[in-house]
Amino acid sequence: MSLTNTIKQVTTIAIEELYHVTIAESAILVNATKPEFEGDYTVVLFAFVKQLKKSPDALGQELGNYLVSNNPSLFSSFNVIKGFLNLSVVDSYWISFLQSEYTNATYGIAPMNGEKVMIEYSSPNTNKPLHLGHLRNNFLGWSIAEILKANGYDVVKTCIVNDRGIHICKSMIAWQLFANGATPESTNQKGDHFVGDYYVKFNDEFKRQVEELVATKGMTKEGAEKKAPILLAAQQMLLDWENGNPEVIALWERMNTWVYAGFDATYKAIGSNFDRTYFESQTYLLGKDLVEEGLTKGVFYQKEDSSVWIDLTADGLDEKIVRRKDGTSVYITQDIGLAVNKYEQYHSNKSIYVVGDEQNYHFKVLKLICQKLGLPSADGIFHLSYGMVELPTGKMKSREGTVVDADDLVAEMINISKQKTEELGKVKDFTTDELSALYDTIGLGALKFYLLRVDPKKKMIFNPEESIEFQGFTGPFIQFIHARIKSILRKMSAEGFTINPITVTESLLPQEKAIIVELELFPTVINDAANEYDPSKIAIYIYNLAKTFSSFYSELSIANAESAEKKTLRLQLAQLTAHTLKTGMQLLGAGVPDRM
RNA sequence: GGUCUCGUAGUUCAAUGGAUAGAAUAGAAGUUUCCUAAACUUUAGAUCCAAGUUCGAUUCUUGGCGAGACCA
């Protein structure tokens with residue numbers, strides 16, 4: 001059990017014994033003591049002074065006395081300031097913690113709990129390459145999956161590919177018109193970028209045709225936008241696709257193949273993958289029978305024009321259409337169908353959707369409809385809503401060419417890490433392969449950390465003018481500390497020094513204790529990160545740990561410690577810190593090098 | 001028009017209703033015969049405005065201003 005929980009527990013016991021009042025452990029607030037005060041952990045007393053009819057000071061004194069005298073293996077002393085009871089934890093507690101964990105390479109990882117969770121993320125469109133927003137999505141999805149695994153869940157990662165619809169047809173039409181049979185191979189271009197370029201070409205031509213119609217036929221802009229021949233062709237193509245026209249299907253398959261090759265390269269570059277990929281072309285008809293079922297159950301109702309709706313006004317939402325008057329489904333219908341489909345296949349009680357916050361309303365509606373239909377999967381639906389990545393000037397807009405391309409950004413990060421590594425010149429003996437792996441680790445580490453260190457719920461600003469930092473609150477800083485520790489451990493091992501369990505006789509120095517206190521928090525942090533679906537908790541934690549260690553490292557010598565005992569103790573500390581930094585970075589989907 | 005989210009140092013981010021609002025970066029100053037200076041140390045700098053609830057509000061409530069998203 002974590003120390004704060006232990007403190008809560010002994011505090012409830014103390015209050016029970018002293019005052020015969022039962023207080024829930026969750027009602028007790030235990031914080032780390034602020035550095036300006038004496039002590040390690042603080043119990044905030046204000047919450048129950050009323051209930052216990054005691055002054056904060058008297059309560060603190062009585063409680064402090066009781067806790068210290070009844071838990072000698074936990075507390076050495078206490079002091080009370082205003083309503084805060086500051087407790088000092090005995091050195092032996094920290095030391096025994098360190099002795100039991102320092103060899104544990106998977107410290108913080110919980111055993112399997114037998115529960116299954118599905119997580120859907122990435123959701124690319126096949127008409128465009130991935131951009132910065134997709135990267136945040138992918139990194140979040142991956143990281144949450146890792147964090148849930150670390151909490152013992154069995155995680156199934158899925159991806160729904162939006163591979164049908166008018167946008168794909170736009171790329172297809174433009175390719176037919178302008179490509180002259182060009183392919184990604186013939187132009188030596190990545191497939192997703194190749195197809196994306198034709199999507200851009202479609203829009204250019206569309207704009208040109210609209211202007212032409214306005215100028216020559218005297219149409220209004222709105223009118224021309226509905227009559228532009230290239231748009232009509234795309235619309236016709238969508239109909240042909242839905243009717244299974246073999247030529248259209250063949251072209252669609254061919255262009256999708258190009259795009260998938262491009263996506264695969266990107267996913268490989270960023271170290272992402274899925275256990276199961278769904279294609280919208282195969283799922284878009286799902287959910288139709290559920291509409292009938294909903295009508296039978298009276299959950300849905302039909303209007304005079306025969307369109308089908310659900311009334312969610314009682315739940316504070318609007319009326320929502322689930323089937324158009326022409327009988328075609330809307331987006332949400334297939335989502336309901338897919339949810340059922342996934343549940344039948346995996347029987348997972350929890351299904352997480354990593355989707356941008358622009359779809360908050362959509363997912364509220366989705367969950368509500370599923371609940372009203374009485375679907376077993378309904379309560380487990382959780383929308384992990386994340387904020388958009390914006391530029392200092394606002395949203396990224398493809399029309400204005402301000403979209404930050406994922407491949408470009410990844411390549412740039414790797415290139416910067418190459419430059420910095422060469423400037424520093426510390427790994428000149430590395431082979432080409434080792435160097436290339438190192439650049440990837442550092443560049444991607446920097447990028448992933450940058451995108452995950454912010455609370456997912458909040459929108460974040462990315463300034464393309466300033467490159468992502470490699471100093472301070474960054475991935476490379478953590479990687480650097482890890483490499484330093486590894487360097488020390490390598491030297492010790494080369495000298496034949498082995499780290500054995502010890503009995504500590506000297507008292508802990510503040511710098512030593514600070515790290516142990518920080519390390520002890522790791523399992524709690526992993527738990528919090530999972531409960532709140534928030535990888536930034538991990539990022540902030542490992543940064544603080546690395547910083548605490550860095551400070552310790554610069555003030556105290558490890559290899560040349562004052563005594564053999566201190567040397568071993570500090571090596572144990574260093575080793576557990578390295579394990580923790582490595583695990584923490586893995587939870588963010590990032591690696592740590594042994595040298596850099 | 002309706003619903004929702006957000007507003008913290010110059011900038012990018014923290015802070016389950018708790019002590020003197022933390023970091024990073026940019027700024028100023030310093031540290032390398034000693035385990036990797038992608039580092040360390042010191043310094044200056046912020047809660048949009050106005051009420052309310054509370055022993056205590058960046059956090060909760062209401063109103064205003066500003067930014068964004070969604071639903072029509």
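Just so it is clear: chains get the letters A, B, ... in the order the sequence lines come, proteins before strands, and each one is counted from 1. If you're wondering where the values come from, they're calculated on a predicted model, not measured in any experiment.
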Check your understanding: Distance between the C1' atoms of rG56(B) and rA23(B), in whole angstroms?
Key -> 25 Å

Practice item. Send over the distance from K82(A) NZ to rC55(B) C1', rounded to a whole Å. Key: 11 Å

Check your understanding: Of the nucleotides rG18(B), rC13(B), rA23(B), which has the atom closest to the Y543(A) side chain?
Key -> rA23(B)

Check your understanding: Tell me the ring-ring contact (aromatic ring centres under 6.0 Å, His included) pairs involving residues 382-403 of chain A, sequence neighbours left out?
Key -> F363(A)-H383(A), F382(A)-Y533(A)

Exercise for review: Mark yes when over 12 heavy atoms from residues, nucleotides or ligands other than K397(A) sit less than 6.0 Å from its NZ; otherwise mark no.
Suggested key: no

Practice item. Provide, to the nearest angstrom, the distance between the CD atom belonging to E465(A) and the P atom belonging to rU11(B). Key: 17 Å

Exercise for review: Give the rounded distance in Å between these two atoms: CD1 of I540(A) and C1' of rA24(B).
Suggested key: 11 Å

Practice item. Validate the cation-pi geometry between K320(A) and W309(A): distance from NZ or CZ to the six-membered ring centre under 6.0 Å, angle to the ring axis within 45°. Key: no

Review point. Distance between the P atoms of rC4(B) and rG10(B), in whole angstroms?
Key: 32 Å

Practice item. Classify the nucleic acid contact of V454(A) as base, sugar-phosphate or nothing, counting any heavy atom under 4.0 Å across all strands shown. Key: sugar-phosphate

Exercise for review: To the nearest Å, give me how far apart CG (N79(A)) and P (rA19(B)) are.
Suggested key: 16 Å

Practice item. Determine, for nucleotides 3-8 of chain B in 5'-to-3' order, which nucleotides have protein heavy atoms under 4.0 Å from the base (write B), from only the sugar-phosphate (write S), or from neither (write -). Key: ----S-

Check your understanding: Rounded to the nearest Å, what distance is computed from the CD atom of residue E358(A) to the C1' atom of nucleotide rC70(B)?
Key -> 9 Å

Check your understanding: Does a side-chain N-to-carboxylate-O contact under 4.0 Å join K566(A) and E512(A)?
Key -> yes

Check your understanding: Across all strands shown, which nucleotide pairs with rU33(B) by Watson-Crick or G-U wobble geometry, both distances under 3.5 Å?
Key -> none

Exercise for review: Report which part of the nucleic acid T42(A) touches: base, sugar-phosphate, or nothing (heavy-atom distance under 4.0 Å, all strands).
Suggested key: base

**Study point:** Nearest-0.5 Å distance that lies between atom CZ in R484(A) and atom OH in Y553(A)
**Key:** 4.0 Å

Practice item. Whole angstrom is fine here: how far is it from CD1 in I461(A) over to P in rU11(B)? Key: 11 Å

Exercise for review: Kindly check if the number of other-residue, nucleotide or ligand heavy atoms within 6.0 Å of CD (E38(A)) is above 12?
Suggested key: no

Practice item. Provide the Watson-Crick or G-U wobble partner of rU11(B), both distances under 3.5 Å; none if there is no partner. Key: rA24(B)

**Study point:** K567(A) NZ/CZ over F497(A) ring centroid, <6.0 Å and within 45° of normal
**Key:** yes

Check your understanding: Around atom NZ of K513(A), are there more than 12 heavy atoms of other residues, nucleotides or ligands at under 6.0 Å?
Key -> yes

**Study point:** Atom pair distance, as rounded to whole Å: CD in Q359(A) and C1' in rC70(B)
**Key:** 10 Å

Practice item. Any chance you could measure I542(A), atom CD1, to Q586(A), atom CD, to the nearest 0.5 Å? Key: 10.5 Å

Point to revise | Rounded P spacing from rG18(B) to rC70(B) in Å | key: 34 Å

Review point. Do the charged groups of D594(A) and R490(A) touch, with an N to O distance under 4.0 Å?
Key: no

Check your understanding: rA19(B) base to N86(A) side chain: any donor-acceptor pair below 3.5 Å?
Key -> yes

Check your understanding: Cut-off 3.5 Å, side chains only: do N360(A) and S385(A) have a donor facing an acceptor?
Key -> yes

Exercise for review: Could you let me know what rA38(B) is paired to, Watson-Crick or G-U wobble, both distances under 3.5 Å, or none if it's on its own?
Suggested key: none

**Study point:** S88(A) and S76(A): side chain donor to acceptor below 3.5 Å
**Key:** no

Check your understanding: Which value, in whole Å, describes the distance between the P atoms of nucleotides rA38(B) and rA26(B)?
Key -> 14 Å

Practice item. Look through every strand shown and name the nucleotide pairing with rC71(B) as Watson-Crick or G-U wobble, where both distances are under 3.5 Å. Key: rG1(B)

Check your understanding: How far, in whole Å, is rU47(B) from rG22(B) if one measures between their P atoms?
Key -> 13 Å

Check your understanding: Rounded to the Å, how far apart are I478(A) CD1 and rA23(B) P?
Key -> 16 Å

Check your understanding: Can you check whether F84(A) stacks with the rA19(B) base, using ring centres under 5.5 Å and planes within 30°?
Key -> yes

Review point. Is there a Watson-Crick or G-U wobble partner for rU58(B) with both distances under 3.5 Å, and if so, which one is it?
Key: none

Exercise for review: Name the pairing partner of rG63(B), where a pair is Watson-Crick or G-U wobble with both distances under 3.5 Å, or state none.
Suggested key: rC49(B)

Exercise for review: Could you give the distance separating rU58(B) and rG17(B) at their C1' atoms, to the nearest angstrom?
Suggested key: 11 Å

Study note, to complete from the structure: Comparing N31(A) with I481(A), nearest RNA chain B nucleotide closer to 5' gives the residue N31(A)

Revision key, fill the gap. Its contact letters, B for base, S for sugar-phosphate only and - for none at protein heavy atoms under 4.0 Å, make nucleotides 29-38 of chain B read ------BBSB

Review point. Say you pick atom P in rG27(B) and the same atom in rC60(B); how far apart are they, in whole Å?
Key: 36 Å

Check your understanding: In whole Å, what separates the C1' atom of rC48(B) from that of rU54(B)?
Key -> 23 Å

Check your understanding: NA contact type, N544(A), heavy-atom cut-off 4.0 Å: base, sugar-phosphate, or nothing?
Key -> nothing

